[in-house]
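Reviewing the structure listed below.
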Amino acid sequence: MQTVLSKLKILFTERQLRNRLLFVLAALFMFRLLASIPLPGIDETKLNEFLFGNQLVGLFNLFSGGGLSNLSIVLLGVGPYITASIIMQLLTMMFPNLKELYHESGEMGRKKFNNYTRLLTIPLAALQAFSLLVLFKRQGVFPDLTSFDMAVNICIAIAGSMLLMWIGELVTQFGIGNGVSLVIFAGIVAALPSSVSQFFFTFTASQLPTLILFVAVGLLVIAGVILVTEAERPIPVTYARQVRVAGLTTKNANGTYLPLRLNHAGVIPIIFALSILLFPQLIANLLQASANGTLQSIASGITAFLQNTWAYAATYFVLVVLFTYFYTAVTFDPKQIATNLQKSGAFVPGIRPGESTTQYLGSIVSRITIVGALFLGLIAVLPLIARAVTGISALTLGGTALLIVVSVIIDISRKLDAQIAMHEY
């Protein structure tokens, strides 16, 4: 308890940490303020009828941080930016020049790469805004939506998404934690009071065993996420130092270890997988309004496939596993770590420095990542399986939200500990 109290004291008394925390709170307050400003011309009755029990809109509302529930000016949330980031990361694996720009061109190259991502966000936001507005118009949410009104609302949605992307980047730079994840986290937490109150208003005594079972499973999921996120494989590392004693040079080996996390990617694979799953659903909804019979049949096929719980769960599982590997490969470079170890006079006992160390670290990361990826994918689809068994549609969104919230809290806690440790030293 004393350690926790001392950390809280440092957090609120040290000016730099306090300013970072206040910046995060101010940014999240601005985001929630933007999420409460609706687009003009909405029929709220039709909107509430359409939102009730709609899984597609529920997932979009998750990404928008609650901005879609009232069709606010930030109804797209950070979804277009996440999709643009995925596309740009995939392009680095296809085009060597883009990979060199991202990994080897220093800070200027990284800034240019980020600018390309921001530019790609604009057309993706326009496409998603148009698809959503067509979908809501078809449901009667916009009773009098002219072409001019459509264009204005699309521009507003693009501007809102870019503004939210900018707020997220500012939080990453000047606050604590990943700004994009915090925006999604804030929307989930903001919707929690209304969800809890709605549940207790409709709660009956016959649902008590089901409630106890769901709480128990939820606690197991939280424990599993924490276990996998915190688990690591220590790689022993020895630093050879030269010590001069009475004019003689001797070598003194100083040992430590390199921690390799079981789940190096954190919550990012879940966010990436959901973003990819949402995109074809948007396209399918857009194509259903087409007069071409072939396009309508393609849209119907995509919709039928994604509405099948088992097909959706299998696709979700595979995407989570693949994105765990993909993001680990992007963020963890065994060659760079091996080079840094060699430059600092360090080596892994029994492994030659250089290429052998690179291959050794790569093989270790591949083996431990498959365990973390499979476990993360299993936890991600567990609510989908429970929904298929019980028929309760709210479990899908609840499980995804739980995964994101727990992972973001762990990430923020780790970064706070790192900031406090830097202050102490």
Checking side chain to side chain contact (heavy atoms under 4.5 Å, CB included) between Leu164 and each of Val74, Val180, Leu76, Ile73, which is the one that passes?
Val74
Using 0.5 Å steps for rounding, measure from the CD1 atom of Ile158 to the CD atom of Gln128.
10.5 Å
Residues Val320 and Ala273: closest non-hydrogen pair is CG2-CB, 3.8 Å
side-chain contact (heavy atoms from CB on, under 4.5 Å) between Ile184 and Ile82: does it pass, once the steps are laid out?
CA-CA 11 Å; Ile184 300 175; Ile82 294 172; 4.1 Å; yes
Looking at every heavy atom in both Gly175 and Arg20, which two are closest together, and how far apart are they?
O-NH1, 2.6 Å
Can you give me the closest heavy-atom contact between Ile409 and Phe185, atom names plus distance?
CG1-CE1, 3.8 Å
Euclidean distance, Ile412 CD1 relative to Asn178 CG, rounded to 0.5 Å:
9.5 Å
Would you call the rings of Phe326 and Phe323 parallel, tilted or perpendicular if under 30° counts as parallel and over 60° as perpendicular?
perpendicular
Please step through side-chain contact (heavy atoms from CB on, under 4.5 Å) for the pair Leu262 and Phe375, ending with a clear verdict.
CA-CA 10 Å; Leu262 194 66; Phe375 193 84; over 6 Å; no
Within the structure provided, determine whether Leu170 and Phe23 are in side-chain contact (heavy-atom separation under 4.5 Å).
yes
So how far is it from Met88 CE to Thr83 OG1, rounded to the nearest 0.5 Å?
13.5 Å
Mind jotting down which residue pairs meet the side-chain hydrogen bond (donor to acceptor under 3.5 Å, both in side chains) criterion with at least one end in residues 159-171? Sequence neighbours excluded, please.
Tyr81-Glu169, Arg118-Glu169
Which heavy-atom pair separates Gly179 from Thr172 by the least distance, and what is that distance?
N-OG1, 2.8 Å
To the nearest 0.5 Å, what is the distance between CG on Leu39 and CG on Asn153?
5.0 Å
Which heavy atom of Thr121 sits nearest a heavy atom of Met162, and at what distance?
CG2-SD, 3.8 Å
State, yes or no, whether a side-chain contact exists between Leu71 and Leu132 at a heavy-atom distance under 4.5 Å.
no
Is any side-chain heavy atom of Val152 closer than 4.5 Å to a side-chain heavy atom of Ile156?
yes
Kindly compute the distance separating CG (Leu220) from CG (Leu227), expressed to the nearest 0.5 Å.
11.5 Å
Which residue pairs pass the side-chain hydrogen bond (donor to acceptor under 3.5 Å, both in side chains) test with at least one member in residues 362-385, sequence neighbours excluded?
none
We want to know whether Thr117 and Asn114 form a side-chain donor-acceptor pair, criterion being a heavy-atom distance below 3.5 angstrom.
no
One pair to check against side-chain contact (heavy atoms from CB on, under 4.5 Å): Gln336 and Asn340. What are the steps and the verdict?
CA-CA 6 Å; Gln336 185 64 40; Asn340 292 338; 3.3 Å; yes
Measuring from Ile154:CD1 to Asp149:CG, what's the distance to the nearest 0.5 Å?
11.0 Å
Met30 side chain near Ile167 side chain, heavy-atom distance below 4.5 Å
yes
Which heavy atom of Thr358 sits nearest to which heavy atom of Ala338, and what is that distance?
OG1-CB, 3.3 Å
Ignoring hydrogens and angles, tell me if any N or O in the side chain of Thr328 forms a donor-acceptor pair with the backbone of Thr324 under 3.5 Å.
yes
Starting from the C-alpha separation in whole Å, work towards a yes-or-no answer on side-chain contact (heavy atoms from CB on, under 4.5 Å) for Thr92 and Phe113.
CA-CA 10 Å; Thr92 59; Phe113 184 89; 3.5 Å; yes
Non-hydrogen side-chain atoms of Ile337 and Thr357 separated by less than 4.5 Å
no
Does some side-chain heavy atom of Met150 sit less than 4.5 Å from a side-chain heavy atom of Val134?
yes
Report yes if the side chains of Leu374 and Leu378 come closer than 4.5 Å at any heavy-atom pair, otherwise no.
no
Check: Leu133 and Lys137 side chains under 4.5 Å, non-hydrogen atoms
no
